[in-house]
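First listed ligand is number 1; within each ligand, the first listed atom is number 1.
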Amino acid sequence: MAGITPVLTALARGPLADWLTNPRGGVDERALREAVQGRIVLVTGASFGLGEATARRLAHAGATVLLVARTEDRLREVVKDLADAGADAYAYPTDLTDLDAVAALVERVLAEHGHVDVLVSNAGKSIRRAIDASYTRMHDFERTIAINYLGPVRLVLGLLPSMRERRGGHLVNISTIGVRIPPAPRWAAYQASKTAFDVFFRSVAAEATADGVTATSIYMALIKTRMSAPTRTFDNVPGLTPAEAAEVVCRAIVDRPAKISPWWADVAEVVTAAVRRPLEVVVSRRFAVGHQRRQQRPAGSGLPTREDEL
Ligand SMILES: NC(=O)c1ccc[n+]([C@@H]2O[C@H](COP(=O)([O-])OP(=O)(O)OC[C@H]3O[C@@H](n4cnc5c(N)ncnc54)[C@H](OP(=O)(O)O)[C@@H]3O)[C@@H](O)[C@H]2O)c1
């Protein structure tokens, strides 16, 4: 068994596993340029990870990119890099959990640029924490709902009217595959907040399409960013780099499909719905066994016991 573990690990990290697991990107360079040249694209969470990679990619392809996040230094750094390369980008430091700040952001963006052609709703926060470690942490649920749901909702409410008036625009939601498969232990705060926005977004899309506004929900699997880094179990799971994941966002902007998912998500959704109860029993039994083991570990044993958050 010891001999097979490195082989399995190598396979799990290999390009084949990666191809099987994640949604695919890749667009024709000319098609991307045509889709974004001279267009105004607002990317939230553009200071790190997928948002930063997306902002860079779109700006280099000719878009005017508006970068939103809290970390002002990072935004200014990215904007400077882009400006030095001749691209058009602007930093809008904003805490999206502050709804008045989001309203002010909308007002400023519309005053300075007139409209937004594409909104990439990407900013997010993930918390992986068992419920018994959350009994006194109501703030975990408040902050995930604030950044993964309420802030993005406020932004859509602010930008959609002008898109509908102009009879054009595209909304992109960076969602997670977790909202399409049965809820996993420890992800209550994160998955509930991402599911809330997924449902809001698809409902809005059904209305806005009549006015020429399209919407794409992207169900990402694993992207190797600072968000996923603290979860050690992801180390051996195939994942995209931020630049690869940004290609998936490019595909959303060029092709404008209603959804982009890993190929197996549709199958998994149907199958797991059909066997929901037995699956829940298996998952909760596995969790109970693992949880018991972790609790029996002596403190300072060096084995992972902590919860993950970013
Ligand atoms: N990584 C994955 O495996 C994975 C899988 C599926 C889906 N996703 C989704 O992909 C998106 C991007 O995640 P990532 O992996 O790129 O994570 P990341 O590297 O941690 O980036 C998250 C971004 O969100 C911004 N952000 C967080 N709180 C904010 C706030 N209150 N106001 C404004 N901006 C805020 C952060 O900027 P500041 O800290 O500067 O504000 C940062 O730019 C998220 O929506 C996530 O749920 C990720």
Side-chain angles (χ1 to χ4, degrees), residues 18 21-23 25 42-57 65-79 91-102 104-105 119-128 139-140 142-155 172-181 184 187 189-198 201 216-235 237-246 248-249 252 259-262 265 308-310:
D18 193 35
T21 313
N22 286 290
L42 189 151
V43 181
T44 69
S47 52
F48 297 96
L50 172 58
E52 179 193 349
T54 300
R56 287 183 185 276
R57 179 75 171 102
V65 179
L66 317 183
L67 295 90
V68 176
R70 289 167 303 180
T71 315
E72 186 164 355
D73 293 356
R74 281 285 298 182
L75 291 183
R76 304 246 175 255
E77 219 176 287
V78 179
V79 165
Y92 287 91
T94 310
D95 182 346
L96 293 171
T97 65
D98 176 345
L99 299 183
D100 291 338
V102 183
L105 168 73
L119 165 64
V120 180
S121 188
N122 162 80
K125 175 175 182 62
S126 155
I127 294 180
R128 177 179 180 267
H139 59 282
D140 280 355
E142 287 166 351
R143 55 201 181 141
T144 43
I145 214 73
I147 182 58
N148 296 335
Y149 180 64
L150 294 175
V153 165
R154 182 67 191 84
L155 193 54
V172 178
N173 174 25
I174 307 300
S175 190
T176 165
I177 194 64
V179 310
R180 301 196 55 203
I181 54 177
W187 293 100
Y190 178 65
Q191 286 196 0
S193 61
K194 293 295 274 188
T195 301
F197 190 65
D198 177 59
F201 187 85
T216 304
S217 304
I218 304 182
Y219 300 97
M220 293 289 185
L222 178 63
I223 316 165
K224 304 283 182 165
T225 62
R226 64 176 194 156
M227 181 183 280
S228 57
T231 306
R232 305 311 322 171
T233 46
F234 288 160
D235 286 355
V237 176
L240 299 179
T241 63
E244 287 167 337
V248 181
V249 182
K259 75 169 186 232
I260 299 182
S261 263
D308 310 320
E309 178 179 329
L310 231 174

Mark up the atoms of ligand 1 that fall under 4.0 Å of a heavy atom belonging to [X], in ascending order.
X      : value
Gly124 : 22 (C), 24 (O), 27 (C), 45 (O)
Asp95  : 30 (C), 31 (N), 32 (N)
Ala221 : 3 (O), 5 (C), 6 (C)
Ile174 : 9 (C), 10 (O), 11 (C), 45 (O)
Thr97  : 31 (N)
Ala69  : 33 (C), 34 (N), 37 (O), 40 (O), 41 (O)
Ala123 : 24 (O), 25 (C), 26 (N), 34 (N), 35 (C), 45 (O)
Gly49  : 16 (O), 19 (O)

For ligand 1, note which part of [X] has a heavy atom under 4.0 Å away: side chain, backbone, both or neither.
X      : value
Leu222 : both
Tyr190 : side chain
Ser126 : neither
Thr94  : backbone
Ile147 : side chain
Arg74  : neither
Pro242 : neither

Using every non-hydrogen atom in the two residues, find where [X] and [Y] come nearest and quote the distance to one decimal.
X      : Y      : result
Leu75  : Val68  : CD1-C, 4.2 Å
Val153 : Phe197 : N-CE1, 3.7 Å
Leu222 : Ser228 : CD1-CB, 3.6 Å
Val102 : Leu96  : CG2-O, 3.5 Å
Asp198 : Ser217 : OD1-OG, 4.1 Å
Ile218 : Ala252 : CD1-CB, 3.8 Å

**OP:** Please work out whether the ring planes of Phe234 and Trp187 are parallel, tilted or perpendicular, with thresholds of 30° and 60°.
**Re:** parallel
Subject >> Atom pair NZ (Lys194) and OG (Ser126), whose distance is rounded to the nearest 0.5 Å >> reply: 9.0 Å
**OP:** Report the distance from atom CG of Leu67 to atom CZ of Arg74, rounding to the nearest 0.5 Å.
**Re:** 11.0 Å
Taking [atom] as the point of reference, which of [options] owns the nearest heavy atom?
atom                    : options                       : answer
atom 1 (N) of ligand 1  : Asn122, Ile223, Val78, Val249 : Ile223
atom 32 (N) of ligand 1 : Leu96, Val102, Leu105         : Leu96
atom 40 (O) of ligand 1 : Thr71, Val237, Leu50          : Thr71

So does [Y] get a backbone contact from the side chain of [X], meaning a donor-acceptor N/O pair under 3.5 Å?
X      : Y      : answer
Thr44  : Ala123 : yes
Thr71  : Asp73  : no
Asn148 : Lys125 : yes
Thr97  : Asp95  : no

Does [X] reach ligand 1 with a nitrogen or oxygen that is under 3.5 Å from one of the ligand's nitrogen or oxygen atoms?
X      : result
Thr176 : no
Gly45  : yes
Gly51  : no
Arg70  : yes

Subject >> Option among Ile177, Thr176, Ile174 that satisfies the side-chain contact (heavy atoms from CB on, under 4.5 Å) test with Met220 >> reply: Ile174
Determine, using heavy atoms of [X] and all atoms of ligand 1, whether some pair is separated by less than 4.0 Å.
X      : answer
Ala245 : no
Arg226 : yes
Lys224 : no

Original post:
Do the side-chain N and O atoms of Ser261 and Arg180 include a donor-acceptor pair separated by under 3.5 angstrom?
Top reply: yes
